[in-house]
Novice: 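Have a look at the structure that comes next, please.
These numbers come from the heavy atoms of this one structure, side chains and all, not from hydrogens, waters or symmetry mates.
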Amino acid sequence: MGNFKKKSLLLIALYFLLLTALVACSSSEAKENEPMDTGLDKNEFLNIAFKDQFPLQWESYMKNMVNEKDVIPKSDPSIEPYLPALWSGYGFAVEYNTTRGHTYALEDQINIRRVTDKTGGSCLTCKSSVVPHLLSDEEFGDEYWAANFNNEILPRITELGAPGVSEELGEWGHISIGCSDCHDPVTMELRVTRPSFTNAMERMGVDLSRATQNDMRTYVCAQCHVEYYFEPEKNKVTFPWDLGLRVENIYEYKETIAKEQGFDYDWIHQISGTPSLKAQHPEFELSSYGPHGTAGVSCSDCHMPYQRVDGKKKISSHRWGSPLETIEESCRTCHGDKTPTQLEDRVKDIQERHKVALLEAQELNTISHYYVNRMITAGVSEEKIGEAQQHVRKAQWYWDFIAAENSYGFHNPDGSIDAFRISSIESQAAIVKATEELAKLGEDIEELKRQIEVTMQTIYDEEDHFEKHKHAINEWFPAQY
């Protein structure tokens, strides 16, 4: 009887220990599932405000400031040498640089020579964490889009950002792209803060309120890493996705829906007189029908991989850059059968083939612009010039859509190469059309070729990047407006 009593007491003790453990685990789980409350203001936009509460993420975020000091012009002969001609008459011909870290986005926006006294607030939209506040009724509201950047927007963001100035973030990093762009400052839940994205998704029938966490790990990036244009009346940033996300879908949109709404072109090309289109960083669109996008891989899976830090904790990296810097976490979690060297070689192979095809398409498109210029000065009919210009316009769009995207072809290797192929076909069609018409007028085609070669070489050889665009036109090829 005594042994039975002892066993009973032991079982009871074990029961209570187990019950206590279960209660503790349940409480701990409940605590983890409780919504976070940072204590920050729901409208907080200063990046420095998040530093103390999230030190590990902040340390990761600060890596965006490292090795990003140099501003490198893309018109460098080793990169894309004929951009000053391809964008002749447009601000991008004056200055266009390789990308730097997100913490430099606002600094680069303010200092770039493309910004003039005519620039509107729309150009700030994806460069600063202050933008959602500026769009509020208490600030500019819907007048934000067309507000003058230098005279209205810049003074206001300087004033709003003053309390958060931080030496470690440089001159403008404290209100450059940061925490509140993607996170609710109070709960830290992922969120969309740019109305242009929300509006475009609604037009495509996508309900963002039903987005999964994995969806949001792409959507927070897709607010800005997209193609857009300025709606004519209010200068409002608009995403042209109504017909789909592929390069051909967006071209069709701009040839139909956009024109019906009053948008026809971004600028008149100074060499060929072509009403031309300018593409902007369409990472979301191109990757959406690339191998990783169709497999359901989110942007964050590769560009913000989970990393173990502080010896034990696991966080999502907030250093936004190339996955080649984090191959183990970004690539080998799925491609564990490949070595880091094999994966890196695969990426470089794709990007090298991409560059060859890009440069070929750009060179051919540059030549086609000069052929059309000669059609104009030689007196070819407006009808035939218009036909050639349409080919040039399409050629420009197809290579630019891919070149403006920052993966150098990796997000969608097949889609990129195919776009370059179409671009080259269209440029060649313009050249053939021009040659036929010029030959009818007795023009010396060989001399035309020689003058084009001389002009392009002069652009290539100019060492001052801010002077290159001036060589795109000359006595042989006068400006067309």
Novice: Any side-chain heavy atom of L83 sitting closer than 4.5 Å to one from H469?
Specialist: no

Novice: With a sphere of 6.0 Å drawn around CG of D207, does it hold more than 12 non-hydrogen atoms of other residues, nucleotides or ligands?
Specialist: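 Yes.
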
Novice: Can you give me the closest heavy-atom contact between I175 and I157, atom names plus distance?
Specialist: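 The pair with the smallest heavy-atom distance is CD1-O, 3.5 Å.
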
Novice: Say whether, by atom type as modelled, one donor and one acceptor occur between the side chain of S60 and the main chain of H318 under 3.5 angstrom.
Specialist: yes

Novice: When the aromatic ring centroids of W58 and F50 are compared, is their separation below 6.0 Å?
Specialist: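 Aromatic pair excluded; centres sit 6.0 Å or further apart.
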
Novice: Where the side chain of S330 meets the backbone of I327, is there a donor-acceptor pair that is under 3.5 Å apart?
Specialist: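 Side chain of S330 to backbone of I327, a donor-acceptor pair under 3.5 Å: no, none is there.
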
Novice: Mark yes or no for whether T366, through its side chain, and L86, through its backbone, hold a donor-acceptor pair below 3.5 Å.
Specialist: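 Checking the backbone N and O of L86 against the side chain of T366, no donor-acceptor pair under 3.5 Å is found.
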
Novice: Do NZ/NE/NH1/NH2 and the carboxylate oxygens of D345 and K348 come within less than 4.0 Å?
Specialist: no

Novice: How many angstroms lie between CH2 in W145 and CD in E233, if you round to the nearest 0.5 Å?
Specialist: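 Those atoms lie 14.5 Å apart.
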
Novice: Before we go on, tell me: are the rings of H133 and F45 under 6.0 Å apart, centre to centre?
Specialist: yes

Novice: Between D464 and K468, is there a side-chain N and carboxylate O pair less than 4.0 Å apart?
Specialist: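 Salt bridge flag = no for K468 with D464.
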
Novice: Within the 4.5 Å heavy-atom criterion, are I402 and H354 side-chain neighbours or not?
Specialist: yes

Novice: Do you know which of H471, K470, H465 makes side chain to side chain donor-acceptor pair (under 3.5 Å) with E467?
Specialist: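 Running side chain to side chain donor-acceptor pair (under 3.5 Å) over H471, K470, H465 with E467 returns exactly one hit, K470.
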
Novice: Side chains of L358 and Q362: closer than 4.5 Å at any heavy-atom pair?
Specialist: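 Sidechains of Q362 and L358: in contact.
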
Novice: Can any side-chain N or O of S423 pair as donor or acceptor with the backbone N or O of A395 at less than 3.5 Å?
Specialist: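 Yes, S423 side chain to A395 backbone: donor-acceptor pair under 3.5 Å.
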
Novice: Looking at F284 versus W241, is the centre-to-centre ring distance below 6.0 Å?
Specialist: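 Between W241 and F284, which both carry aromatic rings, the centre distance is below 6.0 Å.
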
Novice: Are any of the side-chain heavy atoms of Q396 and T274 separated by less than 4.5 Å?
Specialist: no

Novice: Using a 3.5 Å distance criterion without hydrogens, assess whether the side chain of R332 forms a donor-acceptor pair with backbone atoms of K338.
Specialist: yes

Novice: What I'd like to find out is whether the side chain of S300 reaches to under 4.5 Å of the side chain of T218, using heavy atoms alone.
Specialist: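 No - every pair of side-chain heavy atoms lies 4.5 Å or more apart.
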
Novice: To the nearest 0.5 Å, what is the distance between CG on D215 and CG on L208?
Specialist: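 Reported value, rounded in 0.5 Å steps: 9.0 Å.
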
Novice: Would you name the heavy atoms of S416 and L286 that are closest together and state the gap between them?
Specialist: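 Looks like OG-CD2, 3.7 Å.
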
Novice: Measure the shortest side-chain to side-chain distance between Y90 and Q270 over non-hydrogen atoms and say whether it is less than 4.5 angstrom.
Specialist: no

Novice: First locate atom OG1 of T98, then atom CD1 of I72, and finally report the distance between them rounded to the nearest 0.5 Å.
Specialist: 4.0 Å

Novice: Would a distance-only check, ignoring hydrogens and angles, find a side-chain to backbone donor-acceptor pair under 3.5 Å from E44 to A49?
Specialist: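 Answer holds: no.
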
Novice: Mark yes or no for whether E139, through its side chain, and L135, through its backbone, hold a donor-acceptor pair below 3.5 Å.
Specialist: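 No; judged by distance alone, with no hydrogens or angles, the pair does not exist.
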
Novice: Could you tell me if the ring centre of H411 sits under 6.0 Å from that of H292?
Specialist: no

Novice: So that I know where these two stand, are W320 and H303 an aromatic pair - ring centroids less than 6.0 Å apart?
Specialist: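 They do not qualify: ring centres at least 6.0 Å apart.
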
Novice: Measuring from H335:NE2 to Q342:CD, what's the distance to the nearest 0.5 Å?
Specialist: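 The CD atom of Q342 is 12.0 Å from NE2 of H335, to the nearest 0.5 Å.
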
Novice: For the rings on F420 and Y398, is their centre-to-centre separation under 6.0 Å?
Specialist: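 No, too far apart.
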
Novice: Got a donor-acceptor contact below 3.5 angstrom from the D400 side chain to the W397 backbone?
Specialist: no

Novice: Check the pair N150 / N148 against side-chain contact (heavy atoms from CB on, under 4.5 Å), numbers first and verdict last.
Specialist: CA-CA 6 Å; N150 284 333; N148 186 277; 3.8 Å; yes

Novice: Please state whether the rings of H225 and H102 are parallel, tilted or perpendicular, taking 30° and 60° as the class boundaries.
Specialist: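 Geometry flag for H102 against H225: tilted rings.
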
Novice: Does NZ or CZ of R156 lie under 6.0 Å from the centre of the six-membered ring of F140, at an angle within 45° of the ring axis?
Specialist: no

Novice: Do N365 and V392 come within less than 4.5 Å of each other through their side chains, counting heavy atoms only?
Specialist: yes

Novice: Establish, yes or no, whether the cationic atom of R100 lies under 6.0 Å from the six-membered ring centre of Y104 and within 45° of the ring axis.
Specialist: yes

Novice: Applying side-chain contact (heavy atoms from CB on, under 4.5 Å), run through T116 and T119 and close with a yes or a no.
Specialist: CA-CA 5 Å; T116 68; T119 301; 3.7 Å; yes

Novice: Using 4.0 Å as the upper bound for N to carboxylate O, is an ion pair formed by D184 and K42?
Specialist: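 Between D184 and K42 there is no salt bridge, as every charged N stays at least 4.0 Å from the carboxylate O atoms.
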
Novice: Which atoms form the tightest heavy-atom contact between S196 and V237, and what is the distance?
Specialist: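 Nearest heavy atoms, S196 then V237: OG-O, 2.8 Å.
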
Novice: Would one find more than 12 heavy atoms of other residues, nucleotides or ligands at under 6.0 Å from atom CD of E189?
Specialist: no

Novice: Does atom CD of E143 have more than 12 heavy-atom neighbours, drawn from other residues, nucleotides or ligands, at distances under 6.0 Å?
Specialist: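 Atom CD in E143 is not crowded, with 12 or fewer foreign heavy atoms closer than 6.0 Å.
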
Novice: Salt bridge or not for K355 and E352, using N-O below 4.0 Å?
Specialist: no

Novice: Determine the minimum heavy-atom distance between S288 and L245, stating which atoms define it.
Specialist: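 That would be OG-CD1, 3.6 Å.
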
Novice: Examine distances only and state if a side-chain atom of N64 and a backbone atom of Y61 form a donor-acceptor pair shorter than 3.5 Å.
Specialist: yes

Novice: Between K278 and E227, is there a salt bridge with N-O shorter than 4.0 Å?
Specialist: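 Salt bridge absent between E227 and K278.
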
Novice: Please give me the minimum heavy-atom distance between C331 and L343, naming the atom from each residue.
Specialist: CB-CD1, 3.8 Å

Novice: Inspect the surroundings of CD in E59 and state if more than 12 heavy atoms from other residues, nucleotides or ligands are less than 6.0 Å away.
Specialist: no

Novice: Identify the heavy atoms of K254 and P240 that sit nearest to each other, and give their distance.
Specialist: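 Smallest interatomic distance, heavy atoms only, reads CE-CG, 4.2 Å.
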
Novice: Report yes or no: is the cationic atom of K236 (NZ for Lys, CZ for Arg) closer than 6.0 Å to the six-membered ring centre of F230, at no more than 45° off its axis?
Specialist: no

Novice: Roughly how far, to the nearest 0.5 Å, is the SG atom of C182 from the CZ atom of R191?
Specialist: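 Interatomic distance, R191 CZ to C182 SG, rounded to 0.5 Å: 9.0 Å.
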
Novice: So S287 and N412, do their side chains get closer than 4.5 Å, heavy atoms only?
Specialist: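 Heavy-atom side-chain distance check fails, nothing below 4.5 Å.
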
Novice: Is the terminal nitrogen or CZ of R393 (NZ for Lys, CZ for Arg) located under 6.0 angstrom from the six-membered ring centre of Y265 and within 45° of that ring's axis?
Specialist: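 The answer is no; the distance or angle limit is not met.
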
Novice: Would a distance-only check, ignoring hydrogens and angles, find a side-chain to backbone donor-acceptor pair under 3.5 Å from S75 to P84?
Specialist: no

Novice: Just wondering, more than 12 heavy atoms not from K74 lying within 6.0 Å of its NZ?
Specialist: yes

Novice: Take atom CZ of R346 as the centre, draw a 6.0 Å sphere, and report whether it contains more than 12 heavy atoms from other residues, nucleotides or ligands.
Specialist: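 Not more than 12 within 6.0 Å, no.
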
